[in-house]
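Below is one structure; the comments refer to it alone.
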Amino acid sequence: MIIFGWRVVFFTLTRGVFHCPDCGGDRDYRRRQGRNFFTLFFIPVIPLMKTGGEFVECDTCHGRWSPGVLDVPTTAQLALMPAMLLRMAIAQVLRSGDYTHAAARTRAVGVVREAGERGYDDAALNADLGRPFDEVRVEMGRASSALAPEARESILRAAAEIALTDGPLSVSEEETLSAVGADLGLTRVQVTGVVSLARQASGH
């Protein structure tokens, strides 16, 4: 007697760490996808078409969610987020002016180190300066919502003060500060106020 049929087999596409909604904390996950198999004597033999969409499964509670759950930052990512956003904001504003200015570069590296990235150096700053502006804007817009408005204003002010290190803001620097402020989720009024405070502090 030959016994045959069909069966869905789930494959793991990627693994990682995510914030599990049910567990309420960071957990290991598997991103999975199902596929139909022709079975012979209950053994999957011939792979057929994929079935269903991809999903994320928690290794702890085995809850399943759509891949969009991975957009929620983990606790570890939240801890690094202020320094990461600060790096991106500073690099965008710095390269809209004189990014070779020694004092501005030194201050930029120092500010990022104070924010928690102790290993940040001139080489890392050069790497940040080389990133595509559009790519950085998308990343900033996605990550900034996790921070309080006061933290986002602080990031913009630090970037403005670094831009003012080599003198008054140029038109290009002002436009970039406005764009960075928008990406950080700040209103025009907030951006104007933050930049004004930075000007007063620098004497420009």
Side-chain angles (χ1 to χ4, degrees), residues 2-92 111-120 124 127-128 131-156 158 180-187 190:
I2 299 177
I3 301 175
F4 64 89
W6 288 266
R7 174 183 168 191
V8 177
V9 177
F10 293 98
F11 292 91
T12 296
L13 305 175
T14 57
R15 288 181 174 271
V17 176
F18 81 131
H19 182 83
C20 176
D22 277 359
C23 296
D26 295 351
R27 298 290 186 270
D28 291 331
Y29 75 83
R30 289 182 292 172
R31 187 166 182 162
R32 311 189 75 190
Q33 168 77 60
R35 186 162 193 168
N36 284 311
F37 268 76
F38 173 78
T39 62
L40 186 61
F41 294 107
F42 307 106
I43 299 173
V45 178
I46 302 174
L48 304 173
M49 66 184 71
K50 293 179 180 179
T51 179
E54 295 180 12
F55 62 89
V56 174
E57 181 177 346
C58 176
D59 283 358
T60 301
C61 69
H62 302 292
R64 294 180 176 183
W65 294 271
S66 68
V69 74
L70 300 180
D71 293 335
V72 178
T74 64
T75 302
Q77 289 170 333
L78 281 173
L80 296 173
M81 200 165 288
M84 179 192 72
L85 285 169
L86 186 61
R87 283 179 61 168
M88 291 189 286
I90 288 173
Q92 300 321 302
V111 168
V112 175
R113 285 180 177 175
E114 289 173 6
E117 291 206 25
R118 302 299 180 189
Y120 196 72
D128 287 344
R131 294 188 62 190
F133 188 54
D134 290 341
E135 174 187 300
V136 173
R137 293 198 65 182
V138 170
E139 191 171 335
M140 288 185 69
R142 184 171 58 243
S144 62
S145 60
L147 298 183
E150 294 79 8
R152 287 178 267 146
E153 289 179 357
S154 178
I155 289 170
L156 182 64
V180 169
D183 295 337
L184 289 172
L186 301 175
T187 65
Q190 287 174 303

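Under the 4.5 Å side-chain criterion, counting only non-hydrogen atoms from C-beta, Cys58 is not in contact with Asp22. Between Asp128 and Met88, every side-chain heavy-atom pair lies at or beyond the 4.5 Å cut-off.
The minimum heavy-atom distance between Ala124 and Arg87, with the atom names listed, is O-NH2, 4.2 Å. Between Gln92 and Phe133, the closest heavy-atom pair is OE1-CD1, 2.7 Å. Here the closest heavy-atom approach between residue Leu86 and residue Ala115 is recorded as CD2-CB, 3.7 Å. Contact record, Arg27 with Cys20: CG-CB, 3.9 Å, taken as the closest heavy-atom pair. Closest of all the heavy-atom pairs between Leu85 and Met140 is CD2-CA, 3.9 Å.
Using a distance-only test at 3.5 Å, with no hydrogens or angles considered, a donor-acceptor pair links the side chain of Arg152 to the main chain of Leu147.
Rounding to the nearest 0.5 Å gives a distance of 6.0 Å between CG of Leu70 and CZ of Arg31. The OG atom of Ser66 lies 13.5 Å from the CZ atom of Arg64; values are rounded to the nearest 0.5 Å. The distance from the CD1 atom of Ile155 to the CG atom of Asp183 is 12.0 Å, given to the nearest 0.5 Å. Atoms CD and CE, from Glu117 and Met84 in turn, are 9.5 Å apart once rounded to the nearest 0.5 Å. One distance of note links CZ of Arg30 with CZ of Arg15; it measures 5.5 Å at 0.5 Å rounding. Within the model, atoms OH of Tyr29 and CH2 of Trp65 stand 13.0 Å from one another, a figure rounded to the nearest 0.5 Å.
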